[in-house]
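To keep things clear, I will list the structure first and then write my remarks on it.
Chain letters run A, B, ... following the sequence lines, proteins first and then strands; every chain starts at 1.
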There are 4 protein chains.
Amino acid sequence: WFRVDAGGLGNWLPARARCTHKGEQGHVLIVGGQPGMSGAVILAMKSALRAGAGKVSVACHPDVQAIVAAAQPEAMVHSIKDEDTLKPLLRDASAIALGPGLGQSRWSHDVFSQVMKADALKVIDADGLNLLASYPARSSKLLLTPHPGEAARLLQTTADEVEADRFLAVTQLREKYGAQVLLKGAGSLLVTDRGRCLIDRGSPAMASGGMGDLLTGLISGLLAQRMAPAQALIAGALWHAMAGEEAGKDGERGTLASDLLPYIRRLVNGYGRDDD
Amino acid sequence: WFRVDAGGLGNWLPARARCTHKGEQGHVLIVGGQPGMSGAVILAMKSALRAGAGKVSVACHPDVQAIVAAAQPEAMVHSIKDEDTLKPLLRDASAIALGPGLGQSRWSHDVFSQVMKADALKVIDADGLNLLASYPARSSKLLLTPHPGEAARLLQTTADEVEADRFLAVTQLREKYGAQVLLKGAGSLLVTDRGRCLIDRGSPAMASGGMGDLLTGLISGLLAQRMAPAQALIAGALWHAMAGEEAGKDGERGTLASDLLPYIRRLVNGYGRDDD
Amino acid sequence: WFRVDAGGLGNWLPARARCTHKGEQGHVLIVGGQPGMSGAVILAMKSALRAGAGKVSVACHPDVQAIVAAAQPEAMVHSIKDEDTLKPLLRDASAIALGPGLGQSRWSHDVFSQVMKADALKVIDADGLNLLASYPARSSKLLLTPHPGEAARLLQTTADEVEADRFLAVTQLREKYGAQVLLKGAGSLLVTDRGRCLIDRGSPAMASGGMGDLLTGLISGLLAQRMAPAQALIAGALWHAMAGEEAGKDGERGTLASDLLPYIRRLVNGYGRDDD
Amino acid sequence: WFRVDAGGLGNWLPARARCTHKGEQGHVLIVGGQPGMSGAVILAMKSALRAGAGKVSVACHPDVQAIVAAAQPEAMVHSIKDEDTLKPLLRDASAIALGPGLGQSRWSHDVFSQVMKADALKVIDADGLNLLASYPARSSKLLLTPHPGEAARLLQTTADEVEADRFLAVTQLREKYGAQVLLKGAGSLLVTDRGRCLIDRGSPAMASGGMGDLLTGLISGLLAQRMAPAQALIAGALWHAMAGEEAGKDGERGTLASDLLPYIRRLVNGYGRDDD
């Protein structure tokens, strides 16, 4: 278990080529957004955009489409009514964020099943993890970001068991799902294609709703820009924690997930990357 | 009657533990939002978030759901159609704000009755107070924040009577409802489990719509973070007044309730707490 | 014809009393907002709020209610379906802004007729003026703010005739309607209870859509705070022009009406009132 | 082929006359906005406003009207249901932006055909170009802004062929359509009434969604202010690139199209016009 910090990421996300265009910067598809939970996809969408994805599309429940579309004009936002509306979006996606505000309704199950058949790299979080526990899959193209409760469901145990030996739990998740795994909590643990590591950055300012959605969006934005899955998970987790530290400097209580967005942009552009 | 000021709050809201997560910072439920009055729940919701609640959910009328959900992605916003949609929200709430924009329709009466059965601490304001006057209840788990007109209805008297002896009115409210009571107005009076006190802070900049909704949200946010009811009422009232003073420095006329939000965040984090 | 400038307003809007509350700062009702023109009521509403009105309500077409309600949580926004929904709003209003985005449909005619029966002071602009040309009324409680084209319709002549002798046109408007009148254009002319004056402030930055809606909201906000009609028209016109000058300092082209809002707040609070 | 830079634009957009009003600054009509792509018209609309157009109207699909109308109160936003709703908008427009988020549905085809019959100057982009490829037209009143893929469809060839000789492709577009043509990409090429030129400004920060919509809105805003078509295309392309450079200084990755809007306003007002 090695400890990752800003200096350790080296040149994982080099400066953009001078003549690049948006087609080269990847296309993120955010899948989620049941009624009542539109904010989760909004946060993931904004985070993917600020992480530098060339294009960001959202596939959400018809009842929340207008809410999400109004949140950021740079994204394309699609109502998912059936398989046919989802199919072309999956075909165009270079990375998928599956889970923010997805819910566990019949709609959620149908959407989850169809997205899992797509070939693209997938970050799975929130209700996406709960659904994965019901329909287990194994692939190194999956990136899982559970908190202890979600990890427990994925391992069919309890959150207390997970917390009793977090190192064991994250290793078991890796074994069972073959995925790149991040176990969230104070002291995040990661088991990936690049081995085992821990990240002890972050801030109590991050103890509020929506922070996980931001992380999911950030990782998917890095994947879209062709960062390898293990690296995207590690860099995403670290920059997310560092953005929380920065935002928390204005007051830990009352920091909102949206407050981290400007820092995410700065961090993917190298700010603070060599500090320690 | 003692006079409360910033220095008197001591360490009521200490710094967050380093390893806390959102589950430990409480879950506020804002209940209200009839058509035409969606702004009231939006302001209460934002205030609870900036006060530091770990999670904030809103239970509102179906016709305003999209408006409220679009206002802040960090909150979860639910349409209340019947008892069954409200029940799980009440179960998950650690503190409830009942009243902002609630109205007095049949829907409002039904929602009010069901919420009053829940066990959680409740801040009652605006139309929630008008409904409480119709369905009186006694509990030290209630926090009431009437202005003189609402106090009059709660005491079945007139606003002039209330204003003629504000000290008597607030004492009678305490006796009748057994609640923590704040009587708003110039020179706020409080009778709570911690005795009687007055707060003579605030600003003429606060003479505009929505300021009360902000206060309701702030107090519920403090309750969610496990501040005791009496303390949450006192600290909430004081910080609200101080935030109004700060916002008013940019011009008393035309200060809007939203302008106070950044100051609320600063005050719950200790800024200005020892000034006087 | 005397020239009005900042120093000439004296103490028309003195500092607020220390113990005031929102009930004393008046209640503006903005009436307008046909589909396609919701932005006009949004701008008038924001302007009335930044001018310092204690409460601001909007009465608009049902199809735009959600758009307007989402724009500013401090306002109350009501769908007008029939006379009964408008009646209580008219009763509560201390000043009415009639016309922003009102349109000329059947709905607009019905709304216009009903509002004209209300007793409150009324600022009439935009399509409200076009409808007034069809249903003439005489009252010193009316404040009219036509541009030359609207003035022409009110006088049953042409805009060229109006422009040929602007002094005559504004005098004729005063005679015909008995109202406080402002004729907009480069060099605004006013004929009011306080006599005849001109305002030669303003900026080419104001040559963009929505500036008139802002003025209507500002004047109604001043009326609600009990400024006399003639004074509200003069002060509103002057501060509107000065706010345009300030906003235009960031670049005349591409200045939007919204950009003036912070300056309106500053000006009603005395900033720049003694400059010349 | 001459190289255009800031100093070369001379006095193409002189300071506004002191006494101008919005009627003299032109009326832009943005046509587009299928469901899922409302953001494209929002960005074009905001860009036209910040470019200094006196009035901006949007003609969009009924299902996105509320989303677009909520984005900026200074614009008027109309649902297009049939020819009759579009006709008066076309009559009032001094410049039209045709294509942002237009889609390729039956609705899109109908709208495209009707707009092409209007006499006003037209900037055609995005799906407007794809539809033009199906319904070719020749006119010097058209301004085309294809990227290589769109250029290929317009020339019935492939994007690789276009890229193989960009100078040839843009010349062929000019010949085939008789239009003012800008071929986007690294090193933009223009063939217009003012001859052939290239613009080698811009930034990798512009490799993200919505940048083209911004350009379309900007050019149409310049046309509305009576800049000649060739000049509007050249100045628009240059200022768009320079705005991208400025916005990119805050971090190339994660720059969003909206971030360029303040710089567009500054550039149309002369900021940086003489720098090189």
Could you look at [X] and say if it's the side chain, the backbone, both or neither that has a heavy atom under 4.5 Å from chain B?
{"X": "Ala257(A)", "result": "both"}
{"X": "Asp250(A)", "result": "both"}
{"X": "Ala66(A)", "result": "neither"}
{"X": "Ser38(A)", "result": "side chain"}
{"X": "Ile42(A)", "result": "side chain"}

Next item on the list: Could you have a look at Gln225(B), His27(B), Lys55(B), Gln65(B) and say which one has the most heavy-atom pairs with chain A under 4.5 angstrom?
Entry: Gln225(B)
Notebook entry, point to check: In terms of heavy-atom pairs under 4.5 Å with chain A, which of Gly54(B), Ser79(B), Gly221(B) leads?
Noted result: Gly54(B)
Under a 4.5 Å heavy-atom cutoff, which of [options] has the most pairs with chain B?
{"options": "His147(A), Glu252(A), Met211(A), Met37(A)", "result": "Glu252(A)"}
{"options": "Pro204(A), Pro35(A), Ser208(A)", "result": "Pro204(A)"}
{"options": "Gly39(A), Gly36(A), Ala207(A)", "result": "Ala207(A)"}
{"options": "Gly251(A), Gly210(A), Gly185(A), Gly209(A)", "result": "Gly251(A)"}

Notebook entry, point to check: How would you list all residue pairs meeting salt bridge (Lys or Arg N to Asp or Glu O under 4.0 Å) that involve residues 39-50 of chain B, not counting sequence neighbours?
Noted result: Asp259(A)-Arg50(B)
Which atoms of [X] approach chain A - backbone, side chain, both or neither, heavy atom under 4.5 Å:
{"X": "Ala51(B)", "result": "backbone"}
{"X": "Gln72(B)", "result": "side chain"}
{"X": "Ala15(B)", "result": "backbone"}

Next item on the list: Check the surroundings of atom CG in Asp119(B): do more than 12 heavy atoms from other residues, nucleotides or ligands lie under 6.0 Å from it?
Entry: no
Check: If you count the non-hydrogen atoms of other residues, nucleotides and ligands that lie under 6.0 Å from CZ in Arg18(B), is the total more than 12?
Finding: yes
Item checked: Interatomic distance, Thr255(A) atom OG1 to Arg16(B) atom CZ [nearest 0.5 angstrom] -> 7.0 Å
Next item on the list: Identify, with sequence neighbours excluded, every residue that meets salt bridge (Lys or Arg N to Asp or Glu O under 4.0 Å) alongside Lys81(B).
Entry: none
Check: Taking all atoms of both residues into account, what is the closest heavy-atom pair of Gly33(A) and Val41(A), and its distance?
Finding: N-CG1, 3.4 Å
Next item on the list: Could you tell me which non-hydrogen atom of Glu245(B) sits nearest to which non-hydrogen atom of Gly202(B), and how far apart they are?
Entry: OE2-N, 2.9 Å
Check: Between Phe112(B) and Leu98(B), is any pair of side-chain heavy atoms under 4.5 Å apart?
Finding: yes
Checklist line | Gln34(B) (side chain) donor-acceptor with His61(B) (main chain) under 3.5 angstrom | finding: no
